[in-house]
Amino acid sequence: VSTQSTWGSRIGSIFKEPTVTPTEIQRKKFGLTQALGSPNGAMRRGWNGVTISRDTIHIEGMELGFKRPVLFERHAIGGEYGAGWANVGPGEVVTMFRPAGGGPEEIVDRRELTDETNAVVTYHNPLDNVPDLARIFFDRCLEQNCTPFIVTKKTVFKWQEGFWKRCKDVFNAEYREKFAEAGLLDHVGGQLQHLISDAACMQLMRWTQGGFGMACHNYDGDMLTDEMAQVHRSPGFISSTLTGKRADGALIKEFEASHGTVSDMWEAHLAGQETSLNPLGMVEALVGAMQHSAALADRDGGITTFTTTLRRTIHAAMADGRGTRDLCGPTGLTTEDFVAGIASGLAASAEVSAAKVQARAKPFRPVVALPDEAAVRRIFDELDVTNSGSLSFQEFASGLAKLGVLPRNFKFDDESK
């Protein structure tokens with residue numbers, strides 16, 4: 001990974017396939033002498049990672065979860081991912097800070113442990129590059145016409161106040177007027193809004209009209225973008241780009257699929273079974289890396305034409321109902337058949353497929369899984385406090401508040417129509 005980080009810094013544009021952080025079972029299976037750390041974390045540190053941008057992918061002629069773009073900025077460093085930890089018994093834990101340039105030590109935390117077994121965890125959140133994250137986020141929101149929100153749990157985790165303050169300072173000094181002129185603050189009181197992470201989790205399910213962005217800490221971003229992927233149908237419809245910063249200030253971009261290694265399908269493939277893997281996330285990453293490489297080199301060489309045609313061909317096939325089984329159900333194509341179909345489409349010309357999308361009267365709707373009726377019943381019974389078998393308005397409103405999805409005062413675009 002260290003060698004990859006060095007070359008990545010030099011090249012500036014990287015495509016990365018999903019990688020494995022091996023479990024203990026996989027360590028033995030692969031013959032590893034020790035469990036390896038996350039390669040993602042190593043690369044984010046090696047490239048001075050600023051942010052992981054994860055966005056919804058939209059296909060013309062196809063109905064997915066969000067109608068308009070949803071953008072995410074996930075702080076690329078800090079938090080639980082780089083934590084030190086130990087399981088210990090009863091005793092005292094002291095977290096001590098020693099200034100790098102000398103000076104008096106400072107006790108950050110001191111506590112007594114009384115349980116027989118305790119998991120002690122230590123981590124920190126670097127804040128120096130948060131203004132860089134904020135600028136990347138606000139620039140992208142302006143470009144995509146999205147209203148920005150900053151997400152933390154600062155009401156409880158007081159140390160997260162610094163993330164919010166730095167983002168807000170950058171916004172007020174450099175971006176507020178631009179967003180106001182674009183009309184992107186009209187429904188949020190004319191200010192950059194803060195969302196508690198709990199509320200953000202719930203609003204992701206409500207704001208399916210899209211047209212917004214969220215910036216947050218590392219762990220919150222990991223969880224919330226997984227939820228975004230579920231609302232938007234599949235992790236295959238989410239892009240993921242790590243932006244880092246070289247010593248000379250130049251930006252490094254690493255493009256990858258937002259999902260993992262899909263190990264269950266790999267095992268099925270090894271066993272000779274059919275698989276139906278949606279490759280869109282990986283293809284979009286490869287396209288992004290190729291286009292960014294061309295931009296850095298200041299020469300195209302046909303890259304833009306090829307990548308645009310590739311993307312258009314895949315989008316047209318999916319919108320035409322010739323997708324994998326996560327989109328089309330049991331009648332969907334296998335991995336191999338889908339790839340073969342795209343190859344044929346490229347050879348025949350993507351323009352024909354694109355024309356089909358333009359001419360289609362009704363959008364393609366992916367197959368949707370049936371609801372979990374037992375889970376729905378449990379929620380209904382919990383909200384039906386009078387056990388009447390129906391919900392009064394008050395019960396319904398109280399239930400929405402309990403679930404954290406009670407509508408707020410501000411609205412987006414056409415919500416009121």
Side-chain angles (χ1 to χ4, degrees), residues 53-74 137-149 151 179 182-188 193 195 199-216 221 224-241 258-259 278 280-281 283-284 288 311-312 314-321 323-324 326-329 353-354 356-369 371 400 403-417:
S53 304
R54 289 186 172 168
D55 306 339
T56 52
I57 297 171
H58 296 264
I59 297 177
E60 187 176 358
M62 189 173 186
E63 288 189 357
L64 296 169
F66 294 101
K67 294 180 176 61
R68 293 174 53 208
V70 175
L71 314 181
F72 254 92
E73 228 62 73
R74 169 188 169 188
F137 176 52
F138 296 138
D139 282 340
R140 291 186 339 101
C141 283
L142 279 173
E143 181 181 351
Q144 296 286 333
N145 204 36
C146 291
T147 299
F149 293 84
V151 178
F179 276 91
L184 295 172
L185 304 179
D186 292 349
H187 302 295
V188 292
Q193 292 293 325
L195 281 178
C201 180
M202 298 302 177
Q203 301 301 0
L204 275 174
M205 294 186 291
R206 291 188 58 244
W207 292 347
T208 53
Q209 79 289 340
F212 63 90
M214 295 183 180
C216 47
L224 290 172
T225 53
D226 280 349
E227 181 184 3
M228 174 178 71
Q230 294 305 312
V231 174
H232 200 54
R233 181 63 195 176
S234 165
F237 291 107
I238 305 297
S239 65
S240 184
T241 306
S258 68
H259 56 72
N278 182 347
L280 184 62
V283 172
E284 291 285 348
R311 174 182 281 144
R312 184 185 298 148
I314 293 177
H315 286 194
M318 290 181 168
D320 202 34
T324 45
D326 60 325
L327 303 176
C328 303
S353 296
K356 287 185 178 180
V357 175
Q358 295 288 345
R360 185 172 294 104
K362 294 183 178 180
F364 171 73
R365 293 178 174 83
V367 175
V368 179
L400 290 179
L403 292 172
V405 293
L406 191 66
R408 301 179 64 167
N409 289 328
F410 53 83
K411 300 181 178 66
F412 284 99
D413 296 342
D414 299 328
E415 271 193 336
S416 59
K417 296 181 181 179

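Remember, predicted model here, so these are calculated numbers, not experimental data.
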Can you measure from [atom1] ([X]) to [atom2] ([Y]) and round to the nearest 0.5 angstrom?
X: Arg312; Y: Ile314; atom1: CZ; atom2: CD1; result: 12.5 Å
X: Met214; Y: Leu204; atom1: CE; atom2: CG; result: 4.5 Å
X: Leu195; Y: Cys201; atom1: CG; atom2: SG; result: 11.5 Å
X: Arg74; Y: Leu224; atom1: CZ; atom2: CG; result: 10.5 Å
X: Glu73; Y: Phe138; atom1: CD; atom2: CZ; result: 9.5 Å
X: Leu327; Y: Met62; atom1: CG; atom2: CE; result: 4.0 Å

What are the two closest heavy atoms between [X] and [Y], and how far apart are they?
X: Arg54; Y: Met228; value: O-CE, 3.7 Å
X: Ala319; Y: Gly61; value: CB-O, 4.0 Å
X: Ser234; Y: Asn278; value: OG-ND2, 4.5 Å
X: Pro69; Y: Gln144; value: CG-OE1, 3.7 Å

Does Ile238 form a side chain to side chain contact (heavy atoms under 4.5 Å, CB included) with Thr225? I'd like the steps, not just the answer. CA-CA 9 Å; Ile238 305 297; Thr225 53; 5.6 Å; no

Cys146 backbone acceptor or donor facing Arg140 side chain under 3.5 Å: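 Checking the backbone N and O of Cys146 against the side chain of Arg140, no donor-acceptor pair under 3.5 Å is found.
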
Tell me whether Thr147 contacts the main-chain N or O of Phe212 through its side chain, where contact means a donor paired with an acceptor under 3.5 Å. no

Residues in ring-ring contact (aromatic ring centres under 6.0 Å, His included) with Phe72, at least two apart? none

Could you label the plane-to-plane angle of the Phe237 and His232 rings as parallel, tilted or perpendicular, counting under 30° as parallel and over 60° as perpendicular?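 It falls in the perpendicular class, over 60°.
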
Taking it one step at a time, do Leu185 and Gln193 satisfy side chain to side chain contact (heavy atoms under 4.5 Å, CB included)? CA-CA 9 Å; Leu185 304 179; Gln193 292 293 325; over 6 Å; no

Run Val70 and Val231 through side chain to side chain contact (heavy atoms under 4.5 Å, CB included) and show every step you take. CA-CA 11 Å; Val70 175; Val231 174; over 6 Å; no

Which of these, Ser239, Cys141, Pro148, sits in a side-chain contact (heavy atoms from CB on, under 4.5 Å) with Leu71?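 The passing option is Cys141.
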
Check the pair Arg68 / His58 against side chain to side chain contact (heavy atoms under 4.5 Å, CB included), numbers first and verdict last. CA-CA 8 Å; Arg68 293 174 53 208; His58 296 264; 5.5 Å; no

